[in-house]
Each structure stands twice: as C-alpha cells, then as structure tokens.
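Only one structure is covered here, and it is reproduced in the block below.
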Amino acid sequence: DQQVKQNSPSLSVQEGRISILNCDYTNSMFDYFLWYKKYPAEGPTFLISISSIKDKNEDGRFTVFLNKSAKHLSLHIVPSQPGDSAVYFCAARGTGFQKLVFGTGTRLLVSP
Amino acid sequence: EAGVAQSPRYKIIEKRQSVAFWCNPISGHATLYWYQQILGQGPKLLIQFQNNGVVDDSQLPKDRFSAERLKGVDSTLKIQPAKLEDSAVYLCASSLEGRISSYNEQFFGPGTRLTVL
C-alpha cells in the first residue's frame, strides 16, 4: 500500500527553466510534508517542508505547494540549475513519533 | 558539526550469511532511525529509537533483523541470515528529540550498500 506516490520517475529540464516535481498521498492524517534531495552515494538531505495547515512555503529558488483537497503537493524549482540534478523524494509524516513515509523518488536532470 | 556516520559503506555477502551495520548519530540527537532503501523505491523505516527505547519497529522483519542502541548513542543493525531480497541501501538517520506537535529534521548518513549473492 503506497501511501505517498511520485508518478514521474524522471524529469528533464533545461537550465534556467522551471522544474515541477509532483507528489500524491492517500492518508489524510499526514500533518507534515517534506522534500529530500539525494545525490549518488550520499544520504538524502532535507530541502524544504510544509505543514498541513499551510498551502505554500518558499525558500529561495524552492517553493512547495500543498493542495489538501486533492491530496497533492508539488515542488517548484526556479530557476533550475545543473547542480539541482539529483533524485527528489517526497515524504509525509504521520501522527506519532516523527515517522516519515517516502515516495519512490523522481530523478531530475537539469541540462546546461 | 559532524554528520551521521555509517560503516561499512559497502558489503557483499552470500545468502544465509550474517551481516552487521554500524551507525553513529549526530551528537545530542536522541532519536535514531534505520531505513531500508531497495533500488527504485523510497526509504522505508525499519526501526526508530528514542534514546535507548524502541518507539516503532512495525516494519522490521524480526525473524532475521535485529537492532540495538546501547547507551542511547551508537546503533547496530544486524541481519541473520541474509536473503537475496535484503539487497538494498541501509540508511541511518538521527534527529533531535521531538514533540508530537513539532517536527525535527532527520539527518541521514551516507548509507551502507548491501549486496546478497
């Protein structure tokens, strides 16, 4: 039972353009959503998060949007840079002790 | 500030053998997590410790996997005996002790890539 889904396994974008990564979830009890970025041979690193009581959170080039009625969130990267090329995981926190449920990831490739 | 340390980085074993992984969390982090990431999937929580105690091990295959966190600092994850489907990256993460009403960022180590032949 995949509670957090990232339906696009890969995305290719040109440098300077917008990258939009999508994530859907099924559990309405999730109260916190996060995006992690992962480079090869490294552990995931936290990128940005959003509480379920908000619909937008912005940090520099990164913005996360949350649509609770659609159980959908997205990560926008503007402008995209080659260094953004990585695998991006969407994660959701359930109630209780900080347990995270991860999606399957989207590999982003930003070409110069 | 030093990050989460894990060793070994790579391990190749044959099925039915035993293997152990070690994790040293960030100093002061009370919560420690072990995740399993199978190729093409996202990390899946195996076990979560709060100091010495286990708060979630619902997805740990307890017939073959075990984990301990002595003295509330370092942790080891053991697989005995290993199966082919255990081939994965095992990630350790740590975070500050968090209250249910707040979120504390999880910091991940580089992982141990296990190949079972």
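Here is the naming used below: chain letters follow the sequence lines, and residue numbers restart at 1 for every chain.
Chain A is approached within less than 4.5 Å, heavy atom to heavy atom, by B:Gln59 from residues 59-68 of chain B, ordered by number. Listed by sequence position, B:Phe108, B:Gly109, B:Pro110 are the residues of residues 108-117 of chain B in contact with chain A, using a 4.5 angstrom heavy-atom cutoff.
Looking only at side-chain heavy atoms (C-beta outward), A:Leu100 and B:Tyr35 come within less than 4.5 Å of each other.
Here ring pair (Phe, Tyr, Trp, His ring centres under 6.0 Å) pairs that include residues 63-89 of chain A, with residues two or more places apart or in two chains, are A:Phe65-A:His76. Residue pairs meeting the disulfide bond (SG atoms under 2.5 Å apart) criterion with at least one member in residues 19-81 of chain B, sequence neighbours excluded, are B:Cys23-B:Cys92.
B:Trp34 and B:Val89 are members of different hydrophobic clusters when ILVMFWY side chains are connected at heavy-atom separations under 4.5 Å. Note on B:Leu70 and B:Trp22: separate hydrophobic clusters, where clusters join Ile, Leu, Val, Met, Phe, Trp and Tyr whose side-chain heavy atoms are under 4.5 Å apart, directly or indirectly. Linking Ile, Leu, Val, Met, Phe, Trp and Tyr residues whenever their side-chain heavy atoms come within less than 4.5 Å places A:Val13 and A:Phe62 in a single cluster. Hydrophobic cluster membership differs between B:Tyr90 and B:Leu45, with clusters built from Ile, Leu, Val, Met, Phe, Trp and Tyr side chains linked at under 4.5 angstrom. Note: the hydrophobic cluster containing B:Tyr33 does not contain B:Ile47 (ILVMFWY, side chain heavy atoms under 4.5 Å, direct or indirect links).
In B:Leu84, the CG atom is crowded: over 12 heavy atoms of neighbouring residues, nucleotides or ligands sit closer than 6.0 Å. The 12-atom threshold is exceeded at CZ of A:Arg61, counting heavy atoms of other residues, nucleotides or ligands nearer than 6.0 Å. The environment of CD in B:Gln17 is crowded: more than 12 heavy-atom neighbours from other residues, nucleotides or ligands sit within 6.0 Å.
Across every non-hydrogen atom of B:Gln106 and A:Tyr36, the tightest pair is O-OH, 3.2 Å. Nearest heavy atom pair, residue A:Gly43 against residue B:Leu91, reads CA-CD2, 4.2 Å.
Within the 4.5 angstrom heavy-atom criterion, only side-chain atoms of B:Gln37, from C-beta onward, approach chain A.
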